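Everything on this sheet refers to the single structure shown next.
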Amino acid sequence: MERLLSDPARAESRAEALNTEPRNTESRNTEPRVDKLEIEGPVALRGTVAASGAKNAALPALAATLLTDDKVELARVPDVRDIRTLCRLLEHLGAGCARVGPGRVDVARVGELASPAHDAPYELVKTMRAGILVLGPVLARRGVATVSLPGGCAIGNRPIDEHLRGMEALGAKVRLEGGYVTAEAARLRGAKFRFQVPSVTGTENVMMAASLARGITVLENCAREAEIVDLANLLNAMGARIAGAGTDAIEIEGVESLHGARHEIIPDRIEAGSYLIGAVMSGGDVTVEGARAEDLGALAEKLTEAGATVEVVPGGLRAAAGDDLRPVLVETAPHPGFPTDLQAQIMALATQAQGISTVREYVFENRFQHVPELNRMGADIRVRNRTAKVRGRSKLTGAHVMATDLRASASLVLAGVVAKGTTVVDRIYHLDRGYEAMESKLQSLGARVHRISAPAGG
């Protein structure tokens, strides 16, 4: 199995590709740089912006291409860091992953899988949780898969137990050793399996593996997110037989093989929701093209409770601020509940509401890391256990803040839009994992934001 290389140039190249700070590297003519966002506020966001393809739908779609030797053409794939990382993993596994136009990625087998043929090494999956999604497809195709335990945002315990229990239910032998999980099965077989908790990536992983299993698989207590429906649509286009995606019970009739297909990724509901929140908290009026009401019902309900206008318009959703923002009670939950991936952004909005808002995080136990940074900007947020109390009408002022995870990054950027003065958001490689050209889109809505580059560690 390939390990981290000690060659300094290779180490620095890998670090630059991930936008992390290279360590113990030799000096070179080009000093390592890191990006930040500088925002001048306050600004009311106004105008129209298009939602990119959903990162959380594109990642499992890319993993699904490993289930066939034929070419799979994917449209509306966002150009974000996690997508580029997963494409490198596909290439390591022997698939050609090429961006052939705006939003278009083609994946096709370029020969036998690389040797070893079944591994997803640590250096390729350490920055994102989605690397675990290759476990099911590689196991189903090759009979063995070895995947490094996943990385991603440090927002709490996100075990892969449901993935492993699902593979075992399909007949795989699973072992954990040295930070890797290995699953083996000569041929997976259909089974009835119930998730202990509704896991999005767990549902996706087991669904992909079961597509090539012998017999019928019934999955219960499945996650119901739109991204799962999108993956099922792609798999069915490839020849799979899947019914029930989007409900808590999914039935998969295994087939002998899958073929190529063309598929368009759904719009990113979390990105869309972030811009709708930004419109309301800044006193603006924004239409997000591609935003779908069925994906954002819980957010629309909370924005309406806060006094905003949210309406379906041709091709998207519009959100406009009311005369006065009212406090809200938000409790995160699996879909169709309020998404945990919008919790940090709605908390930033609550800093501008009249009165005290309550935000309860029930999905991840460590997802309030943005609170100290918002408080640095003048917010009044107090956390106890999984509940945050936000005293509104805060007069936010610009400050130098640090992003701690992907969605925390977005909340700090939105806070910078409404804050008086200059806000600098550091460590935006988190933001770049999931938001395509956020500064450009905000600029189109009137925000004064630009990307700056500085020496690593400077």
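Only heavy atoms go into these numbers, but all of them, side chains included; no hydrogens, no water, no symmetry mates. Bear in mind the structure is a predicted one, so any value in this text is a computation, not a measurement. For reference, positions follow the sequence shown, starting with 1.
Judged by distance alone, the side chain of Ser282 and the main-chain N or O of Ala279 form a donor-acceptor pair under 3.5 Å. A side-chain donor-acceptor contact under 3.5 Å links Thr332 to the backbone of Tyr362. With Thr423 contributing its side chain and Ile39 its backbone, the two residues share no donor-acceptor pair below 3.5 Å. Judged by distance alone, the side chain of Tyr275 and the main-chain N or O of Ala50 form no donor-acceptor pair under 3.5 Å. Arg76 places a side-chain N or O within 3.5 Å of a backbone atom of Ile265 that can act as its donor or acceptor partner. Judged by distance alone, the side chain of Asn205 and the main-chain N or O of Gly136 form a donor-acceptor pair under 3.5 Å. A donor-acceptor pair is defined here as one N or O able to donate and one able to accept, closer than 3.5 Å; no such pair exists between the side chain of Thr351 and the backbone of Ser394. Arg326 contributes a side-chain N or O that, together with a main-chain N or O of Glu305, makes up a donor-acceptor pair within less than 3.5 Å.
Here Met402 contributes atom CE and Glu373 contributes atom CD; the two are 5.5 Å apart, rounded to the nearest 0.5 Å. Note that CD of Glu436 and NZ of Lys441 are 5.5 Å apart. Values are rounded to the nearest 0.5 Å. The distance from the CD1 atom of Ile452 to the CG atom of Asp35 is 9.0 Å, given to the nearest 0.5 Å. From Leu299, atom CG reaches atom CG of Leu342 across 5.5 Å, with rounding to the nearest 0.5 Å. Considering NE2 of His370 and CD1 of Ile381, their distance stands at 6.5 Å, rounded to 0.5 Å. Distance check, rounded to the nearest 0.5 Å: CD of Glu123 to OG1 of Thr85 gives 12.0 Å.
Annotation: side chain of Val43 is not in contact with side chain of Leu442 (no heavy-atom distance under 4.5 Å). Between Leu396 and Gln352, the closest side-chain pair of non-hydrogen atoms falls below 4.5 Å. Looking at heavy atoms from C-beta onward, Leu235 lies in side-chain contact with Leu67 at the 4.5 angstrom threshold. Side-chain contact between Val72 and Leu234 is present, with at least one heavy-atom pair separated by less than 4.5 Å. The side-chain heavy atoms of His400 and Asp426, taken from C-beta on, include a pair separated by under 4.5 Å. Side-chain contact between Leu164 and Leu135: present, with at least one pair of heavy atoms (C-beta onward) separated by less than 4.5 Å. At a threshold of 4.5 Å between non-hydrogen side-chain atoms, the residues Arg224 and Pro198 do not count as touching. For the pair Glu301/Val310, no side-chain contact is recorded, criterion being any heavy-atom separation below 4.5 Å from C-beta on.
No side-chain N or O of Ser411 forms a donor-acceptor pair with one of Gln345 less than 3.5 Å apart. Donor-acceptor pairing under 3.5 Å is lacking for the side chains of His335 and Glu227.
Taking every heavy atom of both residues into account, Ala419 and Met377 meet most closely at CB-CE, 3.8 Å. Closest non-hydrogen pair, Pro42 versus Arg448, comes out as O-NH2, 3.6 Å. In terms of heavy-atom proximity, Val134 sits nearest to Ala120 at CG2-CB, 3.9 Å. Heavy-atom minimum distance, Pro78 versus Gly53: CG-O, 3.3 Å. Across every non-hydrogen atom of Phe338 and Gln343, the tightest pair is CE2-N, 4.0 Å. For Pro137 against Met208, the heavy-atom pair with the smallest separation is CG-SD, 3.7 Å.
Between Glu91 and Arg88 no salt bridge is recorded (no basic side-chain N to carboxylate O distance below 4.0 Å). With respect to the salt-bridge test (charged N to carboxylate O, under 4.0 angstrom), the residues Arg141 and Asp69 qualify. A salt bridge is defined here as a Lys NZ or Arg NE, NH1 or NH2 lying under 4.0 Å from an Asp or Glu carboxylate O, and Arg433 with Asp405 fails to meet this definition. Ion pairing between a basic and an acidic side chain is recognised when a charged N comes within 4.0 Å of a carboxylate O; Glu73 and Arg104 show such pairing. Between Arg367 and Glu361, none of the side-chain N atoms (NZ, or NE/NH1/NH2) sits under 4.0 Å from a carboxylate O, so this pair counts as no salt bridge. Between Arg84 and Asp79, at least one side-chain N (NZ, or NE/NH1/NH2) sits under 4.0 Å from a carboxylate O, which counts as a salt bridge.
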Query - Worked check of side-chain contact (heavy atoms from CB on, under 4.5 Å) between Arg318 and Thr309 - result: CA-CA 8 Å; Arg318 169 180 171 257; Thr309 297; 4.2 Å; yes
Query - Intermediate values then yes/no, side-chain contact (heavy atoms from CB on, under 4.5 Å), Ser357 and Val328 - result: CA-CA 5 Å; Ser357 295; Val328 291; 4.0 Å; yes
Report task. Start with the C-alpha distance between Asp341 and Arg269, add both sets of side-chain angles, then the distance that settles side-chain contact (heavy atoms from CB on, under 4.5 Å), and finish with yes or no. Result -> CA-CA 10 Å; Asp341 281 352; Arg269 60 192 174 96; over 6 Å; no
Query raised in the report: Does the pair Ile132 and Val181 meet the rule for a side-chain contact (heavy atoms from CB on, under 4.5 Å), with working shown?
Result: CA-CA 9 Å; Ile132 194 66; Val181 55; 4.2 Å; yes
Query raised in the report: What's the verdict on side-chain hydrogen bond (donor to acceptor under 3.5 Å, both in side chains) for Ser274 and Tyr435, showing C-alpha distance, side-chain angles and the deciding distance?
Result: CA-CA 10 Å; Ser274 299; Tyr435 286 86; 2.8 Å; yes
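Each of Val286, Leu45, Ile346 was checked for a side chain to side chain contact (heavy atoms under 4.5 Å, CB included) with Ile277, and the lone residue meeting it is Ile346. Here the options are Lys36, Glu439, Gln443, Glu38, the test is side chain to side chain donor-acceptor pair (under 3.5 Å), and the partner is His450; only Glu38 passes. Shown are Ile83, Asp106, Leu74; of these, the side chain to side chain contact (heavy atoms under 4.5 Å, CB included) with Arg99 is made only by Ile83.
Shown here is Arg391, whose CZ atom has no more than 12 heavy atoms of other residues, nucleotides or ligands within 6.0 Å.
Applying the disulfide bond (SG atoms under 2.5 Å apart) test to pairs two or more places apart or on separate chains, those with a residue in residues 52-107 are Cys87-Cys97.
Listed by chain and residue number, Asp82 satisfy the side chain to side chain donor-acceptor pair (under 3.5 Å) test with Lys55 (two or more places apart in sequence, or in another chain).
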